Structures are given as C-alpha cells and as structure tokens.
Amino acid sequence: MCISQSRAQRQEGSDSPMQNLSRKFSTVPIHKLLPSQLHQHRPHPAEIFSEFQQRRKLLEHKLVAVLDGCAGLRQVKAVHGHLLLHGLGQCCYVLTKLIRTLTKLDVPMDAYPLLVFRQIKYPNPFLWTAMIRGYSIQGPVSESLNFYTCMRKSGVGPVSFTFSALFKACGDVLDVNLGRQIHAHTILVGGFVADLYVGNTMIDMYVKCGFLECGRKVFDEMPERDVVSWTELIVAYTKVGDMESARELFEGLPAKDMVAWTAMVNGYAQNAHPREALDCFERMQCAGVGTDEITLAGLISACAQLGASKYANWVRDIAEKSGFGPTENVLVGSALIDMYSKCGSLDNAFKVFQGMKERNVFSYSSMILGFAMHGRASAAIELFHEMLTTEIRPNKVTFIGVLTACSHAGMVDQGRQLFATMEKYYDVVPTADHYTCMVDLLGRAGRLEEALDLVETMPIDAHGGVWGALLGACRTHGNPDIAQIAANHLFELEPDSIGNYVVLSNIYASAGRWDEVSRVRKLMREKGLKKKPAYSWVETKKGVIHEFCAGETTHPEYTEIKKTLEDLLDRLLANGYQPNLDSAAYAVGDDEKTRILMSHSEKLALAYALLSTDSVSTIKIMKNIRICEDCHSFMCGASQVTGREIVVRDNMRFHHFHNGTCSCGNFW
DNA sequence: GTAGGGTTAG
C-alpha cells in the first residue's frame, strides 16, 4: 500500500514538471507580498504568466472599449499606432474590433482596413469574418466571397457569423444564385445550417431576393427558431400583401414581442386594412405589450385611412400617453401631420407641425402635401421655401407636394420652374410620378396639346398615372379625341381598371357622342367589368359614421332626408343654381337626369348631416370616387344658403366649401 | 451578427 502510494507520487511528479517546480517556489500570490518580502520569495512562473495573461486580457478589453468610442478615422489610427508600439500588432481580438469600427465609420475597405489585415500573420476566423462583413456592407460582394475563399484556402474554418455576413451580402445585392451556392456550402461544411443566426439571415436573404417560398422552406426546416425567424417571415408576407398567411403565422407564434405585434399592425395599415390594424393594436395592448414610435406610426397611418376625427383624437392621446408625443418625436409628429390632413383638420396638422422641436424631410413633405391636398397652394410653396432655408433637402415626395400644389392652383409657370430645378439643384431625378404632376398641371390649365406632347416626349416610360392625368384633363375640358389616345394606352397598361372606361364613356356622353358611349360600355361588358358603386360617409356629432350609396332609398330616415334635400334644392334654385346635366352621363331626358343627380351619395350624406348635426359644426363628407361637377356646384351653393362649412374628401383631395366658394378654386 | 418605420401622384 505504502509502496504503491509512493510510486503514484513519483509518477505524478514525473508527469508534471510544474508540480515539481512548485515545491521550490512560494505559493503566495505575488500581489499579496509586501515590497520588503519580494526579494525573499520566488513566485511560481505559471503565476507570473497567468497574471501577465490576465493583465493583457484586461488591456485588450479596454482597447476594444476605446475603439467602440472612436468617432473618426484619426482616432482609430492613433489606437492602431499604440498597438504596434506596444507589441499588440498581431492581436486578432483587438484588430477585429478595429476593422469593425472602420466599417462602421464607412472607411473604404480597400484603403485602411485591408492594410491592417495584410499586416496580420495568422488571422483568426473572426478577423477574416470582419473583412467579409466589411465588404458585404460596402460591396462588392464578389470581394466578400473572395475573402471567404482565401480564408478556406489558408486552412481557417468559418464561424457561424461568417455565413451570416455572406447571406447578408447576397440579400443586399439581391443575388439569390450566389445565396443558393452559399446555402449549399453551408450544408456541406456541416453544423452551420442548424445555427439559429445563420438560418435567420438565410430567410432574410431569400425574402429580400423575392423568393418567399424558399425562405419559408428554410423556416420550416430549422431545428430551432426564435421570434426573429417568425417576424422575418410575417413581414415578408405583409410586404407581398398576403395578410392571411401573415396572420396564420402570427397566431402560431408562441412568444409575441413588440416587434412582432408591430409587424402585424403596420402590415394591416400598409395593406389598406385600417380596421384590422386598430383591432390588432387593441389586442396588443390587452396582451400587455409596450408601444413605441414604430407601432404608433402604423397605427396613426391606419387612423389616417379611416379619416374620422374620432380616431384622430384617440390615437393622439395614445401617443402622448406612451411618451411619444409629436413635440418630442419626429416620426410620430410627421405621421400625425399626415393623419390630421387626411381627416380634414388642416389646422390641427399645422399646429402639430409648428409644435415640433425637430423636423425632417418627412415633416415638411407631409405638411406641404397637406396644404396641397386642401387647396392652399401658396402656403405649400411658402413652406417649401422655408424648408430650403434649413439644412433639410427636398426629396422626390416633397416635389410631388409642391407640384401638386401648383397644379391645383393653376400655377403653370411656377410649376414648370420648380420641375426644371429638381434635378439641376436638388439631385432629384424626375420620376413618372413627377411627370404625372406636370401633365396634370398642363391638363388642368387646359393645355391638352402641350400635355400630350410632354407624355410623348418624356425620357422615361409613362405609366398609368401619366395617361390617367391626361384622361382626367380631357374630362374637365371636354376633349374626346385626346381622351381616346390616352384611353387606348390605359386599356393596354391597366386592362382591368374600370375607372378609365367610365371616364372615357362620360367624356363621350358629355360630347353627345352616344354611339361611342355604347361602344365603350360594350367593351366593359365584354371584359366583365362592373362600375364601382359610389359611396359617401358622413360622421355625426357622436362620432357614428353613416354610409350612403348612390340612389339608395333604404336608410331608416330616408323620408326626412328626401324632404331636406328637396327643400335645399328649392332654395338653391332660387339662389341661381342650375343642375349640371352633363354630369348624368345617360341618354335620358332632362327630368330624369335631374332625378339621377339628386340621388348622388354625397347629396344624400349632406342632407343627413343637415338633419343630424348642430347648426354650427363643420360637415365632413368622405367619398370613394371623385366628386362630380354638379355635386361640386351644389355644395358651393349649399354652403352659401345654409351658412355651414362643408368639407368633402373625395378620392383625390379635400374641398372646403365656404360661403359659396370652394378651396379648390374649381380645379380638381 | 439576425426582426418591426413615416410622407406620393390620375
């Protein structure tokens, strides 16, 4: 027993030279010795190395923290200089951070980062990956891939982050083929395909490239998923408008966080389902999930689509209570400006704008568009000039706003001038949407030939909007010949859009060309297209919304409505109003035309509002299609004989009727 | 290292 023990001791000693050494050295940690004791003790070398390593690690961490705080290339270079000076020029950990910092500072990879990298003798996988990621962010992606190949050749194995960086690169340049190759490679290398981050970036890559089904397949095959994987796919479905699939997936998500809920709320809002967006938000609140500015942006957009002041005030209240009020938060503020404009309260929109501490191009553009939508052209243009005195540069939407303002106010020359400066001074290349505004501008002003010429000579392809603007102008100015040209293009571009057939047929009807009217109607029948029913909505005092369809007689208070309308008509006729019979595009007698005109949904809505609201409040009516000429002059007259303010939002813009005139100046 | 965002025209 005794022998075997001593043998074991001897064996232990021979196996471990360090243990042998330890008998000759002190085991007291060096930092616990007094200076006077130092010369008597001989600290163990392992301890000295360990202490050295600890200090070095601490130093490296500190350097990484310093790099994190670097604000510019000069500071990074200074750190690098110190690294070289103190023998840390080969330290992969710190240099990885250094390269990442340079990437964050947008320093071109080929310049300084590559120089740093080339000085390293033995780069570790993280350092290689920092280079791959750098090129993946800046491009070219081919270089990113080159680095990957070199890394493999040098015998360094990848880490999961390497694949994430590569997939991100493929997603950014929309190169699904390369993505597929790397996907296959990921499987080949083994292990990484099951990694959560790798899977998530792979889903993102497929989705960005437009291969949603491939992303779904990756998702379905992932051994482990988290809320990020789910949310990526949910968003992908909302972006293609497939809210049903998004909802299905969302309901199956076990732990829904704020981002996932927000994806649903905003998905509904973006796909024109404002009620569902509101419902979803209420569920989110019941689930006790917090709200931030991004959730609010979607929610506010939903309220803007509903266009009712009841919701506008409700959502504003929520924003204030969540700590994202319009004064402090530029995102929420801009969204509220847009919402108030669309709800008909231009005053509230402007109040929000004025109260904002910080403004950006969204705030200005929304406000300019608000003014334009409400016919306040000079205010829109004034604000545009005010914006130019700040550091904020206009973008393409800002120009849509000012051009629309000019167009609705008949300011042809000013509009032309602005259009000419867009690219020259502001680097905003005109898009087909801007040409739409220009065609609208010329068209409304009656310069149909010039408008046609512009469409035919514009340097980019005209889309439906451009021809549609021309067709609309032909309606206003009664030009069936140019209308036919525009319509022919529209029938090609938008074969199933019913509105174009209706407008063309109405133009022919106004010109009394009934043969042509029947021809267009026949075309509609052949295509199986049916006229969209015209609706109007009116909000009563209690915030209840009543809907009226053209020609309907089923409202419970129809008798009173009819009586009110007849009384109003009598007063208007006495005041000089004459029904615009051209607005009833049917080959029938004048009496029948008048009867049809009196059944238009906005007139019914107006009569109901007169019946059910107090005599001082503004009447707000919303419509799903453009207001006709007859209803427009009817509203003008009504605002005069009743002394009421009437606001009508049609599918184009707002009309403020006050004392016999409209804010649109009869341009719409 | 991975996920949610605002204004647009006929």
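Chain identifiers are assigned alphabetically (A, B, ...) following the order of the sequence lines, protein sequences preceding nucleic acid strands; residue numbering begins at 1 within each chain. Note that the structure is a prediction, hence the values are computed from the model and not measured.
Of the options A/Met151, A/Met109, A/Arg100, a side-chain contact (heavy atoms from CB on, under 4.5 Å) to A/Met131 is made by A/Met109 and by none of the others.
For the residue pair A/Cys437 and A/Thr404, the shortest heavy atom distance occurs at SG-OG1, 3.9 Å.
Between A/Leu336 atom CG and B/dG6 atom C1' there is a gap of 11 Å when expressed in whole angstrom units. Computed from coordinates, the A/Ile300 CD1 to B/dG6 C1' distance equals 9 Å when rounded to whole Å. Straight-line distance from the CE atom of A/Met373 to the C1' atom of B/dT8: 10 Å, rounded to whole Å. Atom CD in A/Glu232 sits roughly 10 Å away from atom P in B/dT2 (whole-Å rounding). Remark: P of B/dG10 and CZ of A/Phe491 are 19 Å apart, rounded to the nearest angstrom. Rounded to whole Å, atom C1' of B/dT2 lies 7 Å from atom CG of A/Asp204. Across the protein-nucleic acid pair, A/Leu196 atom CG and B/dG1 atom P stand 15 Å apart, rounded to whole Å. Between the CE atom of A/Met356 and the C1' atom of B/dG6 there is a distance of 10 Å, rounded to whole Å.
Proximity note for A/Tyr197 (side chain, C-beta onward) versus B/dG6, B/dA3, B/dG1: the nearest is B/dG1. Looking at the side chain of A/Thr201, the nearest of the listed nucleotides B/dG1, B/dT2, B/dG10 is B/dT2. In this structure, of B/dG5, B/dT8, B/dG4, it is B/dG5 that holds the atom nearest to the side chain of A/Leu331. Distance from the side chain of A/Thr262 is smallest for B/dG4 among the nucleotides B/dG5, B/dG4, B/dA3. Distances were taken from every side-chain heavy atom of A/Asn200 (C-beta onward) to each of B/dT2, B/dG6, B/dG4; the shortest belongs to B/dT2. The side chain of A/Asp226 approaches B/dT2 more closely than any other nucleotide in the set B/dG6, B/dG4, B/dT2. Among B/dT7, B/dT8, B/dG6, the nucleotide with an atom closest to any side-chain atom of A/Ser365 is B/dT7. Nearest nucleotide to the A/Thr404 side chain, out of B/dA3, B/dA9, B/dG4: B/dA9. Distances from the side chain of A/Phe161 to the nucleotides B/dG1, B/dA3, B/dG4 place B/dG1 closest.
Within 4.0 Å of A/Ser229, counting heavy atoms only, lies no atom of the nucleic acid at all. Note on A/Arg100: only backbone sugar-phosphate atoms sit closer than 4.0 angstrom, heavy atoms only; bases stay farther off. Residue contacts for A/Val265: at a heavy-atom cut-off of 4.0 Å it reaches no nucleic acid atom on any strand shown. Within 4.0 Å (heavy atoms only), A/Thr431 reaches no atom of the nucleic acid at all. Across all strands shown, A/Leu369 has heavy atoms under 4.0 Å from sugar-phosphate atoms exclusively, and none from any base. A/Val235 comes within contact range of the sugar-phosphate backbone alone, with a heavy-atom separation under 4.0 Å but no base atom that close. Using a 4.0 Å heavy-atom cutoff across all strands shown, A/Leu490 reaches at least one base atom of the nucleic acid. A/Ser164 comes within contact range of at least one nucleobase, with a heavy-atom separation under 4.0 Å. Residue-level contact check: A/Thr231 touches the bases, meaning some heavy atom is under 4.0 Å from a base atom. Counting any heavy atom pair closer than 4.0 Å across all strands shown, A/Gly464 reaches a base atom.
Between A/Gln270 and the phosphate of B/dG4, there is no side-chain N or O to OP1/OP2 separation shorter than 4.0 Å. Neither OP1 nor OP2 of B/dG10 sits under 4.0 Å from any side-chain N or O of A/Arg475. A sub-4.0 Å separation between OP1 or OP2 of B/dT2 and a side-chain N or O of A/Arg225 is absent. In this structure, A/Lys342 reaches the B/dT8 phosphate: one of its side-chain N or O atoms is under 4.0 Å from OP1 or OP2. Phosphate proximity of B/dG10 to A/His408: present, with a side-chain N or O under 4.0 Å from OP1 or OP2. Of the side-chain N and O atoms in A/Lys239, one or more sit less than 4.0 angstrom from OP1 or OP2 of B/dG5.
A/Cys280 contributes atom SG, which lies 9.5 Å from atom CG of A/Asn266 (distance to the nearest 0.5 angstrom). Rounded to the nearest 0.5 angstrom, A/Asp338 CG and A/Phe362 CZ are separated by 11.5 Å.
In this pair, A/Trp230 and A/Phe219 present their aromatic rings perpendicular. The plane angle is above 60°, beyond the 30 to 60° band.
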- prompt: Given A/Tyr148 and A/His185, is the ring pair (Phe, Tyr, Trp, His ring centres under 6.0 Å) satisfied, shown in steps?
  reply: CA-CA 12 Å; A/Tyr148 177 68; A/His185 189 65; 5.4 Å; yes
message: Evaluate A/Asp279 against A/Arg283 for salt bridge (charged side-chain N to carboxylate O under 4.0 Å, His left out), listing each step before the verdict.
response: CA-CA 6 Å; A/Asp279 288 346; A/Arg283 276 182 65 200; over 6 Å; no
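Residues A/His183 and A/Tyr206 bring their aromatic ring centres within 6.0 Å.
Scanning atom types as modelled, one donor and one acceptor separated by under 3.5 angstrom connect the side chain of A/Glu494 and the base of B/dG10.
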